[in-house]
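Let me begin by presenting the structure, written as C-alpha cells, before commenting on it.
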Amino acid sequence: MSPTTSSFASLVPLVALVGATPWADALGPWTPVPAEDVRVEAEPPQTDAPVVESPKGASGRPAVVPSAAPVPRKPASDDDDERVEPALPGTDAAAVNNPAVAVGEPMDPHLPGFKPWEVGGFIDVNYAYNSNNPDNHVYRGTSVQPRTGEFTLNHAVAYIRRDPIPGHFSPLFEFAAQGGPAAEALVAYEPNPGGANGKFAGPEVWKHLSRANIGFRTRHGTEMVVGLQLSPVGIGIHWSPYNWNYTVTWQLNSVPYYLSGLKLAQTFRDRHQVQLWVINGWQLLADNNKAPSVMLGYTFTASEKFNLAEYVWIGPEQADMRPRAWRLFSDSQAVYNTERFGIGALFDVGADPRTDLPLSPWQMWMNGAVFSRWRVLGKVRTWDMALRPELFWDRDGRMFGVPQTLISAAFTNNFRVFNNLLVRLEYRYDHSTSPNGFFYRGPAIVDGGPGLARDQHTVFFAIAGVFAHRFGGKRG
C-alpha cells in the first residue's frame with residue numbers, strides 16, 4: 001500500500017461465523033424503535049448482522065461485505081448451555097469509522113439501553129505451507145499474513161472505543177494497539193522524513209498503533225473525525241478475523257489500509273452518505289511530500305441487503321506536487337448479502353503521471369475481484385465457506401514493482417467452534433505473468449533476481465480468539 005509496492009492488507013468481509021444468523025456485518029443499518037432517550041437500565045437490543053466483507057459504508061463504520069440488516073436477537077433462555085452470540089464479538093469495532101461496512105446506517109435510531117463503550121481485541125495464530133518454500137519465510141506482497149513455512153503469532157490487537165449515543169450529539173474515540181509480523185509489515189513503507197536522520201516518524205514509531213482517532217457525530221448525521229483511521233477503500237480490512245477469506249486480495253494490498261488526517265461525512269435519509277477526506281497520503285502517517293491528498297466518497301444502501309460505494313482519490317503522491325503529477329484513482333464496490341449467502345464485487349483503476357521519469361509516462365493499474373460466502377451447516381456452532389477469484393493488472397509495476405498481471409483464487413472454510421473461537425482452513429493459488437517470476441522460491445529471495453516463481457500454492461491453517469465487551473450507559 002505504499003506508492004511503490006503494496007505490502008499492506010483489507011474485504012472486511014467478516015468471516016465471523018454467526019450463530020443464529022449468518023455473518024455479523026460490521027454494524028449493519030440499525031432498525032429504529034420508538035424511544036425518547038437512552039436508558040441505562042434497559043438491555044440493549046442485540047442484532048444479528050451477518051459478518052461479511054463489505055464495502056465500507058455510509059454510517060461511517062467499516063465495511064465488510066455489507067451484510068443483511070441486523071435482526072433482533074432472541075433472548076437466550078436461562079437454561080441454555082450453548083449461549084453463543086449470533087455475531088462474532090468485536091464485529092462493530094472492526095468496522096467503526098470505516099464507511100464501507102455499514103452503508104446508510106441511520107444516525108438517530110433512538111435505541112434504548114445503548115452502551116457506547118467497547119473494549120476488546122483478538123489473537124490470530126497461523127501455520128502456512130507454501131509450495132515454493134522461500135528461505136526467508138516471506139509471503140511476498142501482503143502485510144496481513146507476511147510469514148510462511150512456520151507457526152506464527154501473526155497478529156495481536158487490543159482496542160477501546162466510544163461510539164456515538166443514538167439520538168445525541170456525541171464524542172467519538174478509538175484507540176487500538178497491535179503487535180506481530182502483520183503489524184510490522186503494515187507500516188514497513190512508512191517514510192522517514194529527513195531520511196536516515198529523520199526523527200519522530202517512520203516504522204519504528206508507528207508500528208504498534210493500529211487506530212487512534214477522535215471526533216464527534218451530531219444527531220443529524222454530521223461526523224468529523226481526525227487521526228489514524230481505518231480506510232474505506234477496498235473490501236476487507238487488516239484485522240483478518242473479520243474477513244470472509246483468511247487472506248486478502250492483491251487489491252487490498254495495493255490500497256491504503258489506514259489513513260491519517262481528517263474525515264468529514266454527512267448522512268442523508270439514512271441511505272446516502274457523502275465523505276471528504278483530507279489526508280497525508282496513500283497509507284501514510286508521515287507525509288512523503290509537503291501537501292495532503294484528497295479523497296471523496298459516496299455510499300448508498302439501496303436496501304437492507306444491497307450496498308454500493310464509490311471512492312475517488314486525487315492528490316500528489318510524489319515529490320512533484322504540481323497537479324500534472326497527481327495520482328488519480330477510483331474504487332467501486334457493490335455487495336448483496338443475506339443470512340445464508342453473500343456476494344460482492346469491486347473494480348479499481350488508477351494512474352500516476354510519473355514526472356520523475358523520462359517522457360513522464362502514465363503508470364496504470366486495474367483490478368477486479370468477486371467475493372462470495374455461504375453457510376454450510378450450523379446455527380450455534382457454524383461452518384461457512386468463502387470463494388474469491390481476482391485479477392490484478394499492474395501494467396507498469398507501479399503497485400508491486402513488476403509489470404505483470406496477477407491471477408489469484410482463495411477458497412476458505414470457516415468454523416466457529418465457540419463464540420470467541422474461529423478455526424480457518426484456506427487454500428490459495430497465485431499466478432504471475434511476469435516472465436522473470438514474482439514469488440520468492442527457495443534461495444531466490446531478492447526482488448528482481450533470478451529464480452523467482454511464477455506460481456504459488458499456499459495452505460493456511462489459522463486459529464483466532466476474539467473478545468469484545470460493551471459497557472457504559474450514561475446519557476450522552
Side-chain angles (χ1 to χ4, degrees), residues 11-33 45-74 85-88 91-92 94-96 98-107 109 111 221 232 234-237 242-245 267-273 297-311 331-347 369-376 378-379 382 384-388 414:
L11 195 183
V12 166
L14 292 178
V15 294
L17 306 169
V18 235
T21 57
W23 307 48
D25 186 7
L27 224 62
W30 288 94
T31 303
V33 298
Q46 295 175 319
T47 57
D48 252 6
V51 170
V52 287
E53 306 184 21
S54 64
K56 300 161 186 182
S59 75
R61 306 190 172 186
V64 219
V65 177
S67 66
V71 179
R73 300 172 178 169
K74 293 182 179 179
E85 294 295 328
L88 183 71
T91 294
D92 299 359
V96 75
N98 179 356
V101 171
V103 192
E105 173 188 337
M107 292 295 181
L111 290 175
I235 292 182
I237 59 173
Y242 303 98
N243 293 331
W244 281 354
N245 296 93
T267 299
F268 302 95
R269 298 185 178 180
D270 295 338
R271 292 181 179 272
H272 307 266
Q273 187 184 74
Y298 168 72
T299 57
F300 171 56
T301 304
S303 71
E304 294 178 345
K305 300 176 181 179
F306 184 60
N307 292 353
L308 296 170
E310 174 68 30
Y311 296 92
D331 171 65
S332 304
Q333 310 168 21
V335 177
Y336 175 81
N337 190 62
T338 65
E339 178 176 341
R340 294 284 169 180
F341 172 77
I343 187 166
L346 67 79
F347 176 77
V370 175
F371 305 79
S372 63
R373 55 147 286 268
W374 59 95
R375 171 66 47 79
V376 179
K379 290 188 176 180
T382 56
D384 288 71
M385 291 183 178
L387 178 64
R388 183 195 64 220
N414 300 291

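Just the heavy atoms: all of them, side chains too, but no hydrogens, waters or symmetry mates, feed the values below.
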Q.
I need the minimum non-hydrogen distance between R340 and R375, along with the two atoms involved.
A. NH1-CG, 2.6 Å
Q: Over all heavy atoms of both residues, which pair between T338 and K305 is shortest? Give the atoms and the distance, please.
A: CG2-CD, 3.8 Å
Q | Nearest heavy-atom neighbours spanning R388 and N245 | A | NH1-CB, 3.3 Å
Q) Can you list the steps and then say if R373 with D384 is a side chain to side chain contact (heavy atoms under 4.5 Å, CB included)? A) CA-CA 7 Å; R373 55 147 286 268; D384 288 71; 4.0 Å; yes
Q) What heavy-atom pair brings A334 and L308 nearest, and what distance separates the two atoms? A) CB-CD2, 3.5 Å
(Q) Nearest 0.5 angstrom please: Q273 CD to T301 OG1, how far? (A) 9.0 Å
Q) If every non-hydrogen atom of D331 is compared with every non-hydrogen atom of G234, which pair is closest and at what distance? A) OD2-N, 3.2 Å
Q: Report the distance from atom CD of E310 to atom CZ of F300, rounding to the nearest 0.5 Å.
A: 14.5 Å
Q: Hey, could you give me the OG/OH distance between S332 and Y311, rounded to the nearest 0.5 Å?
A: 11.0 Å
Q: Look at the aromatic rings of Y336 and F306 and report parallel, tilted or perpendicular, splitting at 30° and 60°.
A: tilted
Q) Name the one of N337, L346, V335, I343 that satisfies side chain to side chain contact (heavy atoms under 4.5 Å, CB included) with F371? A) L346
Q. Distance from W374 atom CH2 to M385 atom CE, nearest 0.5 Å?
A. 6.5 Å
